[in-house]
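Single-structure report; data block below.
Keep in mind it's a predicted model, so treat the numbers as computed, not measured. We count ligands from 1, going down the list as the structure has it; atoms in each ligand are counted the same way.
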Amino acid sequence: MRRLSPRPLTRPASVGLLRKAGTTPYARAMSRFLPLASLLALVAASSSAQSTAAAKGLNVTALTPTILRIPLATPGPSAENSSWAVSAAVRAQRAPVTPTADGFTTDALQVAIDQKTGALTLRDRSSRTILAGLSLQRTAGQTVFTLRAPMPAGERYVGLGDKTGGLDRRGSSFVNWNTDAYGFGTATDPIYKSIPFFIAVGKDGAAYGVFLDDPQRSWFDFGHREENVLTIGADAGPADLYLIAGPTVADVVRRYTDLTGKAPLPPRWALGYQQSRYSYMSEAELRTVAGRLRSEHIPTDVLWLDIDFQDRNRPFTVNRTTFPDMKRLTADLGKDGFKLITITDLHIAHAPNQSYSPYDSGVAGDHFLKNPDGSTYVAPVWPGPSVFPDFTRASTRRWWGDLYRPFLDDGVAGFWNDMNEPAIFDTPTKTMPLDTRHRIDSDDFAARTATHAEIHNVYGMENSRATYEGLLRLRPNSRPFVMTRASYAGGQRYAVTWTGDNSASWDHLRLMVQQLLNLGLSGFSWAGADIGGFTGGPSPELLTRFTQIGAFTPIFRNHSAKDTPRVEPWLDGPQQLAIRRRFIEERYRLLPYFYAVAEQNSRTGDPVMRPLFYDFSKALTAPCDQSMSFTVGRDLLVAASPKPESPQAYDICLPGGGWYDYWTGKRVPADKISETPALERLPVFVRPGAILPRQPLTQSTAEVPSGPLELHVYPGPDCAGTLYWDDGTSLDYRRRAFLRQAIRCSADASGLRLTFAPRDGSYRPWWRELAVTVHGWTGASRVEGAGRPIAATADGPGEALRFILPDQSRGGEVVIRRQ
Ligand code: GLC
């Protein structure tokens, strides 16, 4: 059980005392985490259970002016200040607070506790209410605490990771319990991940976040049981409740990822198209698929090997009959621009005396989970009877990480950690008994035994952490690529994810968009869904739509189950292939934009794929069904049909108007348009004011594009774009071996000025020239750069002006004058 360290709890508990002593260094330090004890004593008046909690001293700590931590002390054996999600360094942060009569203020917030009810109200410094009346109750039965808060009319609730349902959680309730959810439906809960974090978004776009850092089974009810009342509870604690102020959704997401960590910049090849199947059964089959992808000119970066490449499904083995020479295979694929990813599930075959080294070395190091009686826990998964590493031990994570050495030596580029909820076969709970024993020895946790009930929801995350950290140790200057199925808050630090075993149905196409948006808002920007659907088999139209929309999702992987029809892009004939190929190609053309957004995500936490209201609060009140609309970064808006199976026309709302059609480059005349679906079309728009980089088509990210980098300028307000580039695979970018350049434009009646800021970083890119297209441009113009005229071509019908510039590595300015 996690417990707060007793130290902060023993400080003077009264606000008055703190105030009096406010001038001493001790009191100044103490005033940074002002206790709620006096305030909670008020809560305590109503029940003895609460008074126990109050006696243990609950506190509100301001980690930063906008992030508050409220430990929810509940009965448990040990005293501990620790977390799997929030690092010790972050938990140790303190922002100054100033006591007030009913609470305290930070530079950004007023925290007040109602003297009668004990409910907490959060306001900003101009007294605008952010969250009113959050109260804590200790309840009998299984749930050890309940938080209640009113749900103002029109407020929506987003986040909670991969949970099913729509983007808005209002009216629904959810349980956080990582579950292998093969064939899940659009309302199945719980599924693979537990990310107990949501963002409340008011009608005007004002937002705050709530993160319950409690890996034990918890539940969130958004007015399902009790109308307009939000309740949160957990089976056990203690837990930390974090309140994260905005005011914008972006502020909340950035701060949540300040707390739980940013996703590292993935290798650039991870942004390419990825082809998988359960399973490509032999080297010969994989080579055939690779050959066909190239001969059909379907740009592709990654091929995946699922469990059948192994010997009897045993992780960290290779079936040498079907895959005789992995090193040669990866080398040959590499020459053709492919990376290979292999699955390495966490369950280790229970195979004593069989020279299966992961088992033997795991036993030697005492790395496997135990039954309560101390014997090793054994249960069936893919390899048959299996044992399970105790990823809560740093030494076990290290041992696990080292298992990757031969695979890295063979040239395998990335790894897939599946089944890590953990999934167990032949048991109704689908997982291991809750009293299975972990022996935590990690981070700032006390070394102690813990039940699986406490660890279950972080088990998959710690599995992916072991992989990530191992890969980094073995290849210290390479960006690790790990994909995990189960995870917890903060898991984005170690792995990308996907939505598990979805189905080939139109409902699941819709669900993909909702899940990926909510994952992005929950820190997991790097997420994808099995394109085409894992179970079942898509109709040609469904696979085409999945591919079109998937081309704009962060992880773009086609994957399907055994005993289902094959779904490689060419399978439904040349017409469908032509459409699918065109969208995959567009993804590759947009790579410089995707990569700049990726880099932004790694620094700020801003998702790659965003709901429209992330950047455009006007979208919150748009008179359109936007459930299948999203943006990539801030500048590209994808507006698929909310009923993608239907031929019916639908409305598209473009926040604020003035947007450009991505495909034609022309301005869209209205902020609301009607779209009649056609299979070959996916409406995509560009923000007025965007400067979008694109590159010549390649067949993989390994191929150096030939020709200039394209810069598409879409005049409008806040006209800006960013170039970001680096070597794509190493960590040299952390030592300034990157290229970052801001570009701005400003337009007036006389023309347009394009300004290149001086470049930051030392990386030299592949391009020597910039091919600029200014969209929405008509009439004759004169273009000048560095005092010299530049030849430009007016594209009358395309409403565009085009010209070529030398690369602006030192910065520069181009002026376009109307004539
Ligand atoms: C699980 C995964 C799926 C994979 C299969 C075999 O069902 O979710 O993606 O193909 O296991 O490894």
Partner residues of Thr257 under the side-chain hydrogen bond (donor to acceptor under 3.5 Å, both in side chains) criterion, sequence neighbours left out: Lys262
Partners meeting side-chain hydrogen bond (donor to acceptor under 3.5 Å, both in side chains) with Thr467 (sequence neighbours left out): Trp400, Tyr404, Asn417
The test is side-chain contact (heavy atoms from CB on, under 4.5 Å); show your working for Met512 and Thr499 and say whether it passes. CA-CA 8 Å; Met512 166 175 87; Thr499 59; 6.0 Å; no
Trp177 and His456 aromatic ring geometry - parallel, tilted or perpendicular at 30°/60° bounds: parallel
Ligand-protein N/O pairs under 3.5 Å (ligand 1):
residue	atom	partner	partner atom	Å
ligand 1	7 (O)	Asp501	OD1	3.3
ligand 1	7 (O)	Asp501	OD2	2.8
ligand 1	8 (O)	Arg485	NH1	2.8
ligand 1	8 (O)	Asp501	OD1	2.5
ligand 1	8 (O)	Asp501	OD2	3.4
ligand 1	9 (O)	His559	NE2	3.1
ligand 1	10 (O)	Asp306	OD2	2.5
ligand 1	10 (O)	His559	NE2	2.9
ligand 1	11 (O)	Asp418	OD2	3.0
ligand 1	12 (O)	Asp306	OD1	2.6

Listed by chain and number, what are the side-chain hydrogen bond (donor to acceptor under 3.5 Å, both in side chains) partners of Lys370, not counting sequence neighbours? Asp366
Identify which one of Asp189, Thr179, Asn502, Thr535 satisfies the side chain to side chain contact (heavy atoms under 4.5 Å, CB included) criterion when paired with Phe184. Asn502
